[in-house]
Amino acid sequence: MNKRKTWTIAGILGLVALVIGGALVSLDTDEAAPSLVQYEAKYVDAGSMLRFTETLASDALEGRATGTRGNEAARDFLQKRFETLGLQMLGDSFIHPFTATPDTAGASLVNGANVVGLIKGESDGPVLLITAHYDHLGIVNGEIYNGADDNASGTAALVDLAHYFSLHKPLHDIIFAALDGEEIGFLGAYALMDDPSVPMSRVALNLNFDMVSRSEAGELYVAGTFHTPELLPLIERVAAEAPVKLIAGHDDPDLGKAEDWTSQSDHSVFHEAGIPFLYFGVEDHPGYHTPSDDYANITPDFFARAGDTLVMAAIAADEELDIIGGEKAAD
């Protein structure tokens, strides 16, 4: 059994206070720190992404299961970051609560919340939606499932993309949505689709980040071009310049459920609604859905490279969103 720290209610509430106060906490853990990043990132702040991931994946947040104190702490931290970066609210708050039933047998209603912000572009036309889920599995049989790669990493990347576009105004409006309840049935994604304050009818493309920090092979996969072949040239252009090996695939139904990622994360909800998607993630690794998915086991240099790649993909999508939006409307 892995050695785990015990966190009191007072300790959790203290962490929440730090989060609300805007401090970026880097908590002492029993684990060795990952190796230093060698790659010099051009678009993201690699150190910031690593610290954000470490914080979300700390034992103090107890695995960020929907409806728990740790999940609430993560949510409040995200809200503070959106405020600091100058994102605009959709509605009267960055926090968009929902109540839903998980897809597990006999489950009761849970209270979750998406964290949603907007960066205005130069056009009021089609919208780019960038998503990542911040929840994870919580505590299972006494073990904390910290979910560093799944999906503290995608959430940290989303925040760093928001930082980039807060400094470099996009051509189109970009909605950044940190989603809750992914692990129990994509609940946050369904809630976002039904959220009256979010202009989902204008969304031309979804970029979804889920597990982007751990690859010894240096490979980042992108699914979605099988369903929207018009997106493949965009991905090929990004791949030609990307600092990781960016591979299109894992989206053909003939591959079978395990290898077809079309229904494996929140993007599946948007796909069902007819919204094209590009899902970025790594292949399953020994830490997937185990207590060993800890910050110490990510590959930081790859994560920095993946972060730059995700920004490059978002820039390319923003540049072509009018074309993508036109193709969506034609369909």
Side-chain angles (χ1 to χ4, degrees), residues 49 52 56 64 66 71 74-75 78-79 81-82 85 87 90 94-96 98 100 112-119 126-136 147 149-165 170 172-195 197-213 220-224 227-228 231 251 261-281 306-307 309-311 313-314 317-318 321 324:
M49 282 203 317
F52 203 116
L56 291 183
R64 309 184 308 280
T66 301
N71 179 279
R75 179 199 72 192
L78 283 160
Q79 176 185 12
R81 289 295 291 145
F82 279 19
L85 293 174
L87 273 65
L90 291 170
F94 288 111
I95 305 298
H96 292 232
F98 62 85
N114 296 327
V115 187
V116 185
L118 170 71
I119 292 180
V127 171
L128 178 62
L129 172 66
I130 300 179
T131 57
H133 75 91
Y134 69 91
D135 65 295
H136 195 54
D149 191 37
D150 184 17
N151 186 36
S153 68
T155 306
L158 178 144
V159 169
D160 233 65
L161 262 74
H163 183 205
Y164 174 85
F165 284 108
H172 301 87
D173 292 356
I174 303 180
I175 296 173
F176 295 87
L179 301 176
D180 198 1
E182 189 269 357
E183 298 286 3
I184 51 177
F186 314 144
L187 304 186
Y190 281 114
L192 193 75
M193 283 297 307
D194 293 334
D195 191 330
S197 66
V198 179
M200 292 300 300
S201 63
R202 291 175 54 203
V203 172
L205 178 65
N206 169 230
L207 304 184
N208 186 38
F209 309 153
D210 194 349
M211 299 174 57
V212 295
S213 68
L220 182 67
Y221 282 82
V222 53
H227 301 284
T228 311
L231 294 173
D251 51 8
W261 296 351
T262 302
S263 62
Q264 298 301 307
S265 187
D266 289 313
H267 59 273
S268 66
V269 174
F270 310 121
H271 173 60
E272 290 171 2
I275 297 171
F277 72 90
L278 292 171
Y279 164 45
F280 296 83
T309 302
L310 296 176
V311 175
D318 180 39
L321 204 62
I324 297 168

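- Not one N or O on the side chain of His96 forms a donor-acceptor pair closer than 3.5 Å with the backbone of Ala191.
- Applying the side-chain contact (heavy atoms from CB on, under 4.5 Å) test to Ala306 and every residue at least two apart in sequence or in another chain returns Leu220, Phe302.
- With hydrogens and angles disregarded, no donor-acceptor distance shorter than 3.5 Å links the side chain of Arg81 to the backbone of Ala162.
- To the nearest 0.5 Å, the span separating CG on Asp251 from OG on Ser263 amounts to 11.5 Å.
- Side-chain contact annotation: Ser213 with Asp149, donor-acceptor N/O pair under 3.5 Å present.
- Side-chain atoms of Asn151 come within 3.5 Å of backbone N or O of Met211 as a donor-acceptor pair.
- Taking each heavy atom of Ser197 and Pro199 in turn, the nearest pair found is O-CD, 3.8 Å.
- Put simply, CG on Leu161 and CD1 on Ile130 are 5.0 Å apart, with the number rounded to the nearest 0.5 Å.
- Heavy-atom contacts from other residues, nucleotides or ligands closer than 6.0 Å to NE2 of His163 number 12 or fewer.
- Leu158 CG to Leu207 CG: the interatomic distance, rounded to the nearest 0.5 Å, is 10.0 Å.
- Using modelled atom types and a 3.5 Å distance limit, the side chains of Asn71 and His136 yield no donor-acceptor pair.
- Taking each heavy atom of Phe82 and Phe176 in turn, the nearest pair found is CE2-O, 3.7 Å.
- With sequence neighbours excluded, the residues forming a side-chain hydrogen bond (donor to acceptor under 3.5 Å, both in side chains) with Asp318 are His172, listed by chain and number.
- Of all heavy-atom pairs between Ala204 and Ile324, the closest is O-CG2, 3.5 Å.
- In terms of heavy-atom proximity, Arg64 sits nearest to Ala74 at CD-CB, 4.0 Å.
- Tyr190 pairs by the side-chain contact (heavy atoms from CB on, under 4.5 Å) definition with Phe186, Val269, Glu272, not counting sequence neighbours.
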Requested in this report: Just do the side chain to side chain contact (heavy atoms under 4.5 Å, CB included) check on Val311 and Asp160 with the steps written out, would you?
Outcome: CA-CA 9 Å; Val311 175; Asp160 233 65; over 6 Å; no
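- Of the options Thr66, Asn114, Ile95, a side-chain contact (heavy atoms from CB on, under 4.5 Å) to Arg75 is made by Ile95 and by none of the others.
- Applying the side-chain contact (heavy atoms from CB on, under 4.5 Å) criterion to Ala100, with sequence neighbours excluded, gives Phe98, Leu187.
- Atom CG of Asp135 and atom OG1 of Thr155 lie 8.5 Å apart (nearest 0.5 Å).
- Applying the ring pair (Phe, Tyr, Trp, His ring centres under 6.0 Å) criterion to His271, with sequence neighbours excluded, gives His227, Phe277.
- Every residue meeting the side-chain hydrogen bond (donor to acceptor under 3.5 Å, both in side chains) condition with Thr131, not counting sequence neighbours, appears here in chain and number order: Asn206, Asn208.
- Residues that satisfy the ring pair (Phe, Tyr, Trp, His ring centres under 6.0 Å) test with Tyr279, not counting sequence neighbours, are Trp261, His267.
- Under the salt bridge (charged side-chain N to carboxylate O under 4.0 Å, His left out) criterion, the residue pairs touching residues 172-185 are Lys120-Asp173, Asp173-Arg202, with sequence neighbours excluded.
- Considering only heavy atoms from C-beta on, Leu231 stays 4.5 Å or farther from Val222 through its side chain.
- In this structure, a donor-acceptor pair under 3.5 Å is absent between the side chains of His133 and Asp266.
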**Report entry** Steps toward side chain to side chain contact (heavy atoms under 4.5 Å, CB included) verdict (Tyr134, Leu78)
**Finding:** CA-CA 9 Å; Tyr134 69 91; Leu78 283 160; 3.8 Å; yes
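- Interatomic distance, Leu321 CG to Leu205 CG, rounded to the nearest 0.5 Å: 6.5 Å.
- Remark: Ala157 pairs with Met49, Phe209, Val212, Leu310 by the side-chain contact (heavy atoms from CB on, under 4.5 Å) rule, at least two apart or across chains.
- Interatomic distance, Ile119 CD1 to Leu128 CG, rounded to the nearest 0.5 Å: 10.5 Å.
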